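First the structure, in the form of C-alpha cells, and then the observations on it.
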Amino acid sequence: HLYLWRERNARPDEMCFSMRKNDPPESKNIDKDLKKEKKEQSQIHKILLLGAGDAGKTTFAKQLTMQYTDSSYQEKYASIARTNLLYVYKEIIQYLRNLEFDFPSVYLKDVQTITESSDLMEGDTMAACLALREIAFIQKVLKENGNNLNIPGGQEGGEYFLQSLERIGDPAFVPTKEDILRSRTRTTGIHETHFNYGGKHMVLVDVGGQRSERRKWLPSFSGVTAAIIYVVASSDYNTVLEEDKKTNRLLDSVQLFHTLQTSPFLEGVPFMVFLNKSDLFKEKLLTTPLSESFSNFTDVDDPETNYENAVEFISDLFRSSAAHDPKIFTTCALDSDACIQVFKTIFNHVMKNALVDAGLI
C-alpha cells in the first residue's frame, strides 16, 4: 500500500526503494515502513481455497475456524440453519410440482404457506413444515432423489434438517457444531480466516466459486506463499451448472483447475486437490453409474471396487489437465477428525517448504 502511494507521488527519477542522501525525511520513513511491511508479510503463510461453487470450500473453512480460533458463529448460523431447512421444503415442493403431483387438499394450505414464506419462524410456517414432514411422499422424494436436488447436503443433509425441525424451530435454538457444518450459505467476495499453527501466522482465504464470482479472484492471488487447496465436489459428476443448465459441473471444475494451474499469477505455488463429498459420491454411485456421464469409464459390480476405480478416474482427469502434478486427497468436509488430519498434513508441508525457501534445510 505504501509502495503504491510512493509510486504515484514520486518523480520519475525517484521511483525506487533505496534511501538516498537527498531523500526528504518523509521518504525515508516510507522506505523504513515498506521494509517493515515486507518483513511482516513474509511471516504470513497464505493458503487459498479455490474451486467451483458448492464444492464445500466454506465448510472446510468452518472446520478450521472452530478448531483454531475463538470466533463464535452460533448466532449467525441459527438463522442460516433455519433458512436451509425452509429451502429443503421448497425444493421438494417444487420438484413435486414439476412432476405435476396433486397435493392432497388437506395439505394445500401448508404447501402455500411454505412456498410464500421467507422465514421459518414467521406465522404458521413452522406448523406447516411439521404437518408436511409426516407425509410419506416428502420422505420418498428425499430418499430417492435427494442427491439430485439442489438442497444443502443432498439426501443426507435434507434428512438431517427435517429430523431436526423441532430443535431448529425452537425460539431458543443454539446451533451445534454439526448444525454449523451442515448449514450452507453462498460465499460472495473474499473471506479470510487468520489462525496460528505451530507458532506460524496462517491465513486461509475463501472465495466464491460461482462463475459470477470468479472475476473477483485475481486480488486474492496476491501474496499466496503457501499453497492452493482446490476443492471439487466429486458427487457432482452427473449434474450441470446452475448458471447455464448444460455444462457438466465436474468437467467445469477440471477446466477451471487447468486455467488456474497455468495462470502466471500462481506460478510456483503448489496445488492440493480435495475430491470432496466422498460420502455422497460413494452413495450416489450405487444408483447413478459414473459411466452414464463419462462413457470412457467402466462400472464394475463390486461397490467398493467401483468406488475406488471412480476416485482414480476423476483423479486422472485432474492430473491430465495439470501443468504440475498435484497432491490429491479424498475428503468429506463434514468429517471433522479427517479434515483436521488432512489440514495438518498440508500445514506441515507448507512449513517444510518455508524452511527450504529460507535455506534452512
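Any value given below was found using the heavy atoms of this structure, including those in side chains, with hydrogens, waters and symmetry copies removed. The shown structure was predicted, so the numbers you read here are calculated from the model rather than taken from an experiment.
Using a 4.5 Å heavy-atom threshold, the side chains of Leu142 and Tyr95 count as separate. Leu132 has its side chain within reach of Ile93: a pair of non-hydrogen atoms, C-beta onward, lies under 4.5 Å apart. Contact annotation: the side chain of Phe173 approaches that of Arg82 to within less than 4.5 Å [non-hydrogen atoms, C-beta and beyond]. Val203 has its side chain out of reach of Ile47: every pair of non-hydrogen atoms, C-beta onward, lies at least 4.5 Å apart. In this structure the side chain of Ile328 reaches within 4.5 angstrom of the side chain of Pro326, judged on heavy atoms. A heavy-atom distance below 4.5 Å is not found between the side chains of Leu49 and Tyr230.
Taking CG from Asn248 and CG from Asp252, the interatomic distance works out to 8.5 Å, rounded to the nearest 0.5 Å. Rounded to the nearest 0.5 Å, atoms CD1 (Ile228) and NZ (Lys46) are 10.0 Å apart. Here Ile346 contributes atom CD1 and Gln341 contributes atom CD; the two are 11.0 Å apart, rounded to the nearest 0.5 Å. To the nearest 0.5 Å, the span separating CE on Met126 from CD1 on Ile114 amounts to 11.0 Å. To the nearest 0.5 Å, atoms NZ (Lys90) and SG (Cys129) are separated by 9.5 Å. Atom-to-atom distance recorded for Leu85:CG and Ile168:CD1 is 5.0 Å, nearest 0.5 angstrom.
Every ring pair (Phe, Tyr, Trp, His ring centres under 6.0 Å) that Phe313 has, sequence neighbours left out, goes to Phe294, Phe297. Checked against side chain to side chain contact (heavy atoms under 4.5 Å, CB included), Thr288 has the following partners two or more places apart in sequence or in another chain: Tyr237, Asn238, Lys284, Glu292. Taking Ser291 as the reference, Pro289, Asp299 meet the side chain to side chain contact (heavy atoms under 4.5 Å, CB included) condition, with sequence neighbours excluded. Scored by the ring pair (Phe, Tyr, Trp, His ring centres under 6.0 Å) test, Phe318 finds Phe257 as partners (sequence neighbours excluded). For Glu134, there are no salt bridge (charged side-chain N to carboxylate O under 4.0 Å, His left out) partners, not counting sequence neighbours. Partners of Glu166 under the salt bridge (charged side-chain N to carboxylate O under 4.0 Å, His left out) rule, at least two apart in sequence or in another chain, are Arg133. Every residue two or more places apart in sequence or in another chain that forms a ring pair (Phe, Tyr, Trp, His ring centres under 6.0 Å) with Phe329 is listed here: Phe274. Judged as a side-chain hydrogen bond (donor to acceptor under 3.5 Å, both in side chains), and not counting sequence neighbours, Asp325 has no contacts.
Side-chain atoms of Ser293 never come within 3.5 Å of backbone atoms of Leu290 as a donor-acceptor pair (strictly under, hydrogens ignored). For Asp335 (side chain) and Ala338 (main-chain N/O), a donor-acceptor pair under 3.5 Å exists by modelled atom type. For Lys57 (side chain) and Ala52 (main-chain N/O), a donor-acceptor pair under 3.5 Å exists by modelled atom type. Checked by atom type and distance alone, the side chain of Arg249 never pairs as donor or acceptor with a backbone atom of Thr239 at under 3.5 Å. Here the side chain of Gln63 pairs no donor or acceptor atom with the backbone of Cys339 at under 3.5 angstrom.
Residues Ile340 and Leu204 share a single hydrophobic cluster, defined by chaining ILVMFWY side chains whose heavy atoms lie under 4.5 Å apart. When hydrophobic clusters are built by joining Ile, Leu, Val, Met, Phe, Trp and Tyr residues whose side-chain heavy atoms come closer than 4.5 Å, directly or via intermediates, Leu251 is grouped together with Leu256. Placement of Leu286 and Leu275 in two distinct hydrophobic clusters is found when ILVMFWY residues are connected by side-chain heavy-atom separations under 4.5 Å, directly or transitively. Residue Tyr87 is not grouped with residue Leu280 when hydrophobic side chains (ILVMFWY) are merged at heavy-atom distances under 4.5 angstrom, including chains of intermediate members. Under the 4.5 Å side-chain heavy-atom criterion for grouping Ile, Leu, Val, Met, Phe, Trp and Tyr, Leu130 is connected to Leu108 within one hydrophobic cluster.
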Go through the steps for Ile138 and Leu162 under the test side chain to side chain contact (heavy atoms under 4.5 Å, CB included), then give the verdict.
CA-CA 10 Å; Ile138 293 290; Leu162 262 62; 3.8 Å; yes
Step-by-step side chain to side chain contact (heavy atoms under 4.5 Å, CB included) determination, Thr59 to Leu181:
CA-CA 6 Å; Thr59 305; Leu181 290 175; 4.2 Å; yes
Would Phe161 and Tyr89 satisfy side chain to side chain contact (heavy atoms under 4.5 Å, CB included), going step by step from the backbone distance to the final call?
CA-CA 10 Å; Phe161 281 110; Tyr89 274 97; over 6 Å; no
Which is it for Gln94 and Asn98 under the side-chain hydrogen bond (donor to acceptor under 3.5 Å, both in side chains) test, yes or no, and what are the steps along the way?
CA-CA 6 Å; Gln94 186 58 50; Asn98 291 342; 2.9 Å; yes
Please assess Val232 against Val273 for the test side chain to side chain contact (heavy atoms under 4.5 Å, CB included), listing each intermediate value before the final yes or no.
CA-CA 7 Å; Val232 182; Val273 177; 4.1 Å; yes
Kindly indicate, with the supporting measurements, whether the criterion side-chain hydrogen bond (donor to acceptor under 3.5 Å, both in side chains) is fulfilled by Thr58 and Asp206.
CA-CA 7 Å; Thr58 301; Asp206 179 22; 2.8 Å; yes
Run Asp316 and Arg319 through salt bridge (Lys or Arg N to Asp or Glu O under 4.0 Å) and show every step you take.
CA-CA 5 Å; Asp316 285 341; Arg319 292 192 189 102; 2.8 Å; yes
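Residue pairs satisfying the side-chain hydrogen bond (donor to acceptor under 3.5 Å, both in side chains) criterion with at least one member in residues 267-280, sequence neighbours excluded, are listed as follows: Asn276-Thr331. Sorted by first and then second residue, the salt bridge (charged side-chain N to carboxylate O under 4.0 Å, His left out) pairs involving residues 170-182 (not counting sequence neighbours) are Glu156-Arg182, Arg167-Asp179, Glu178-Arg182. Residue pairs meeting the salt bridge (charged side-chain N to carboxylate O under 4.0 Å, His left out) criterion with at least one member in residues 97-118: none, sequence neighbours excluded. Applying the ring-ring contact (aromatic ring centres under 6.0 Å, His included) test to every pair with at least one member in residues 103-134, sequence neighbours left out, gives these pairs: Phe101-Phe103, Phe103-Phe137.
Considering every non-hydrogen atom in both Ser117 and Thr125, the closest pair reads OG-OG1, 2.9 Å. Heavy atoms only, all atoms of each residue included: Thr330 and Val311 are closest at OG1-CG1, 3.7 Å.
Under the 4.0 Å criterion applied to side-chain N and carboxylate O atoms, Lys282 and Glu304 are assigned as salt-bridge partners.
Between the side chains of Gln261 and Ser321, no donor N or O sits under 3.5 Å from an acceptor N or O.
More than 12 heavy atoms of other residues, nucleotides or ligands sit less than 6.0 Å from atom CG of Asp302.
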